[in-house]
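All remarks here apply to the structure that follows.
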Amino acid sequence: MRKSIVILALLLALNCFSQNKQILYNFTSVPQSLLTNPGSDFKYDWYFGIPLISGISANAASSGFSAYDLFADNGIDFDKKLKAVVFSASRNDKLSVNQQLEIFNGGFKIAGEKGDSHISFGMYQELDALSYVPKDFAILALDGNRDYLGKVFNLEDLNVKAEMLSVFHIGFHKNINEKLIAGFRGKIYSSIYNATSTSNSGYIYTIPSSLGVYEQVMYSQLQLNTSGIAKYDDKNDDSNVVKDITKRAFLSGNLGLGFDAGFTYYPKKNIQLTASVLDIGFIRHSKEVESLSLKGIYNYKGVIPKFSSGESIENAYEEFKEAIPLDTLYNNYTTWRPIKFNGSVQFSFNEERPEDCDCLDYNSETTFKSAVGAQLFMMTTPRTPLVAFTTYYRRKLFKSLQLKATYTLDSYSYKNIGLGLSSHFGPVNLYVLADNLLEYHDASKANSLSFQLGLNVIIRKTKK
């Protein structure tokens with residue numbers, strides 16, 4: 001059972017990464033859509049989010065298995081269920097978590113004759129985590145190497161990254177002409193906590209030896225970089241975690257810079273093309289940094305030693321520690337934010353005009369009740385990019401209510417149906433977005449779940 005607990009801890013060592021917001025993207029009745037594309041087609045004089053409740057989102061996903069596979073009350077021993085999960089998973093299966101909380105957010109139109117430019121600004125807190133399934137580690141810990149003579153266990157399978165940070169941002173959005181809208185957003189990152197172990201390599205294998213019973217070789221190039229965490233290991237440390245988080249969130253953490261850019265283009269008034277690139281940026285970790293490394297090579301010939309105790313045959317355990325020492329380093333390091341790309345094409349129909357409009361030149365004010373479209377999302381990860389494809393239908397149900405329904409294909413699910421609602425009661429905008437709706441009847445079997453909600457105050461564009 002102890003081994004099972006260790007493996008479960010490895011599986012749950014997450015790094016926040018899954019950040020596809022396919023329902024929010026291009027859902028421009030919600031001001032937060034500007035955070036997914038600073039060049040969105042935005043048509044308000046000004047807005048502000050209700051602090052702490054204007055943008056709340058969370059996403060959890062796993063490919064290859066679900067919580068039900070591990071924790072189902074079906075009479076099967078947990079160790080057996082864990083083994084089944086480990087052996088059915090691949091080294092490219094992953095677990096991810098992402099959480100965001102908007103602290104404040106706002107925007108306004110720049111005064112001028114044309115009034116075609118906007119400024120937006122804000123701050124949000126984010127938790128990001130992603131871990132690939134460490135399959136070879138798990139097999140070695142569960143079964144040992146007795147039945148795997150000659151198999152090379154790949155230490156590169158250990159690949160995790162996690163971070164809590166705050167982001168301050170300011171963006172500029174401009175209608176270049178009647179067909180093209182462009183936007184740019186600058187960001188300052190303040191890292192609160194970081195743990196990164198993504199560039200590992202090495203191997204372990206055991207083979208019959210001509211000089212002894214076995215020959216075992218371990219080559220290790222493992223390293224875990226951390227910032228903002230090490231001091232909590234000190235038993236004498238009396239730090240207040242909440243105060244630490246608050247202080248670091250307001251630019252006292254490890255700092256970095258980044259930017260977003262995007263555009264919206266109308267080749268025809270009812271055909272729309274959009275694209276955005278987000279979080280091209282980095283964080284330099286120089287405060288409270290600590291790295292743990294296991295680097296070296298160990299070659300043992302004889303009876304297989306038990307490395308878990310100091311009573312190993314011929315002091316093999318001590319030899320192992322000397323050959324591959326656990327070192328503590330205090331070097332600065334740099335992490336790069338996961339870059340995200342969005343692109344979409346949309347076809348609108350059911351043209352709508354105000355009842356009091358009898359003008360002939362109406363292109364700049366044309367709106368449509370319905371639209372269908374497709375969106376592509378890509379994000380960098382420590383291995384292969386995460387890719388998702390979404391088709392959607394958007395509909396204006398009433399003057400104060402809009403709906404967006406989505407169907408998404410990605411590495412987590414092939415039956416992800418989502419729904420978003422955006423309502424306007426006077427100047428108050430309330431939005432609720434959720435995906436994987438088919439799985440909510442038994443969330444434990446879901447491979448992916450996410451939701452977003454928020455409350456804003458919006459002053460709409462004044463018609464002259």
**Report entry** Side-chain donor-acceptor contact under 3.5 Å, Ser191 with Glu163
**Finding:** yes
Report task. Assess Arg337 against Phe282: is NZ or CZ under 6.0 Å from the centre of the six-membered ring, and within 45 degrees of the ring's axis? Result ->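 Not flagged: Arg337 not positioned over aromatic ring of Phe282.
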Report task. Would you verify whether the NZ or CZ of Lys404 falls within 45 degrees of the ring axis of Tyr392 while also being under 6.0 Å from that six-membered ring's centre? Result -> yes
Report task. Please identify each residue that fulfils salt bridge (charged side-chain N to carboxylate O under 4.0 Å, His left out) with Asp327, with sequence neighbours left out. Result ->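 With sequence neighbours excluded, Asp327 shows a salt bridge (charged side-chain N to carboxylate O under 4.0 Å, His left out) to no residue whatsoever.
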Do NZ/NE/NH1/NH2 and the carboxylate oxygens of [X] and [Y] come within less than 4.0 Å?
X      : Y      : answer
Lys135 : Asp157 : no
Lys269 : Glu178 : no
Arg91  : Asp93  : no

Query raised in the report: Are Gln375 and Asn342 close enough, and set up right, to give a side-chain hydrogen bond (donor to acceptor under 3.5 Å, both in side chains), and what steps lead you there?
Result: CA-CA 7 Å; Gln375 178 206 345; Asn342 292 282; 2.9 Å; yes
Query raised in the report: Partners of Tyr47 by ring-ring contact (aromatic ring centres under 6.0 Å, His included), sequence neighbours excluded?
Result: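 Phe42.
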Query raised in the report: Tyr25 and side chain to side chain donor-acceptor pair (under 3.5 Å): which partner among Thr36, Thr274, Thr406, Thr390?
Result: Thr274
Do [X] side-chain atoms and [Y] backbone N/O form a donor-acceptor pair below 3.5 Å?
X      : Y      : result
Thr381 : Arg383 : yes
Ser450 : Asn59  : no
Asn225 : Ser197 : no

Query raised in the report: Is there side-chain contact between Leu455 and Val428, with at least one heavy-atom pair below 4.5 Å?
Result: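 They are in contact (side-chain heavy atoms under 4.5 Å apart), so the answer is yes.
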Query raised in the report: Angle class for the His118/His173 ring planes (parallel below 30°, perpendicular above 60°, tilted otherwise)?
Result: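 Plane angle over 60°, so perpendicular.
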**Report entry** Lys415 atom NZ, neighbour heavy-atom count above 12 within 6.0 Å
**Finding:** no
Report task. Return each pair, listed once, that meets salt bridge (charged side-chain N to carboxylate O under 4.0 Å, His left out) where at least one residue sits in residues 243-253; pairs must be two or more places apart or across chains. Result ->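 Sorted pair list: Lys231-Asp244, Arg248-Glu288.
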